[in-house]
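Shown next, in C-alpha cells, is the structure this report addresses.
Atoms within a ligand are numbered from 1 in the order they appear, just like the ligands themselves. One-based numbering along the sequence shown.
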Amino acid sequence: MDMHICKNYEDLSTKACAHVVGQIAGKENSVLGLATGGTPEGMYKNLAEQHEKGELSFQHVTTFNLDEYIGLPTYHPLSYRAYMKAHLFSKVDLSAVNTHLPDGQAADLTAECARYEALLRDAGGVDLQVLGLGHNGHIGFNEPGTPFSSTTHIVELDEKTREANARYFEKKSDVPRKAITMGIETILAAREILVLISGADKAEALREMLYREITNEFPATALQQHPNVTILADEQAAKELPGQ
Ligand code: PGA
C-alpha cells in the first residue's frame, strides 16, 4: 500500500482531487467508484472547481457509487443520490445516464443487487475506487463479519454506523436500518483503490487497517491483499502509526 501523510484536510482533498484528475487524464472514459460521507466532500469541491475553470471534463466518465440507503426516497435530501447530486453531479458535465447508485427503493432488492453487479461488470469494472474508512473498519457499508467473498448485497447497518451517520439526520431513529452496498469482493475487483482518511477519530482505525492481521472482523484489512492501494491520511489520522 502506498501511504501519503497529508498536512491537513485541505491538503488531503487537494491530493485526492489530483489523483482523480490524473486518472481521467490517462483514460478519459474512466470508470470511477465513488464514496459518500464527510471525508470526500473536499475532494468533490476541488473537482467541481477544476471543472468550473474549464480544466476537467467528465463527459466520457462513468461512475458507480459504493452504496445507498434502503427506504429513503431518491429525492430525500439524505439519500446518497442526493448527496452525489449536491456535491458533484450537478456541478460537472457527467451525463446522468453514466452515474450509477444502487436503487434502495427497488421493489425487488435482491434483483437490484444482481442488476448493479452486472452493470458494473458490463462497464468493464472500476478503474479507480475512492473509499472512506469507518471507525469499525467498514468499507462501503460492509460491516464487521462480512465475508470477503461478498458481492453487492443488502446489509443491516451496524449501530456504530447508524450513530456516526445520525449527525446528518434530525434524530438517530431516522437513520435507515438497511442499505445496499458493493461487497468486499466487488471493491477489491477495482484496478486501483484510493482511501481517504481524515481526523484523530480515525487514527485507530487506520492503524488497524494497516497492521491488524487480515480478518473480516475488520473489513478494511482486506485492502492489504490488493496490489494497488493509495492511502491519503492527514496528520491527525496518522498520529497512531508507528514512527509518527
Ligand atoms: P466519513 O465516513 O467520511 O463520513 O467519516 C466514512 C465511512 O464511514 O466509510
| query | When rounded to the nearest 0.5 angstrom, what is the spacing between CG in L194 and CD in Q23? | reply | 10.0 Å

| Can you tell me which residue and heavy atom of the protein come closest to atom 4 (O) of ligand 1, and the distance to 0.1 Å? | G38 N, 2.8 Å

| message | Working note: E192 + Q129, criterion side chain to side chain contact (heavy atoms under 4.5 Å, CB included); need CA distance, chi angles, decisive distance, verdict. | response | CA-CA 6 Å; E192 186 184 354; Q129 175 68 55; over 6 Å; no

| Taking N or O atoms only and a 3.5 Å limit, does T36 qualify as a polar contact for ligand 1? | no

| With a cut-off of 4.0 Å, which atoms of ligand 1 are near a heavy atom of G132? | 9 (O)

| field | Residues, nucleotides or ligands: over 12 heavy atoms within 6.0 Å of E55 CD | value | yes

| message | How far is atom 3 (O) of ligand 1 from the closest protein heavy atom, and which atom is that? | response | T39 OG1, 2.4 Å

| task | Would you mind checking if E235 and K7 are paired as a salt bridge, meaning a charged N to carboxylate O distance below 4.0 Å? | result | yes

| Can you find a non-hydrogen atom of H135 under 4.0 Å from ligand 1? | no

| field | P40-ligand 1 polar pair, N/O distance under 3.5 Å | value | no

| field | Top protein contact for atom 2 (O) of ligand 1, by heavy-atom distance | value | K202 NZ, 4.1 Å

| message | Nearest 0.5 angstrom please: K172 NZ to R162 CZ, how far? | response | 5.5 Å

| request: May I ask you to check whether over 12 heavy atoms, not counting those of Q225, lie within 6.0 Å of atom CD? | output: yes

| task | Look at atom NZ of K27 and say whether more than 12 heavy atoms of other residues, nucleotides or ligands are closer to it than 6.0 Å. | result | yes

| In the protein, which heavy atom is nearest to atom 9 (O) of ligand 1, and how far is it? | H138 NE2, 3.3 Å

| Under 4.0 angstrom from ligand 1, any heavy atom of R167? | yes

| said: Heavy-atom pairs closer than 4.0 Å: do any link ligand 1 to the side chain of L133, the backbone, both, or neither? | reply: backbone

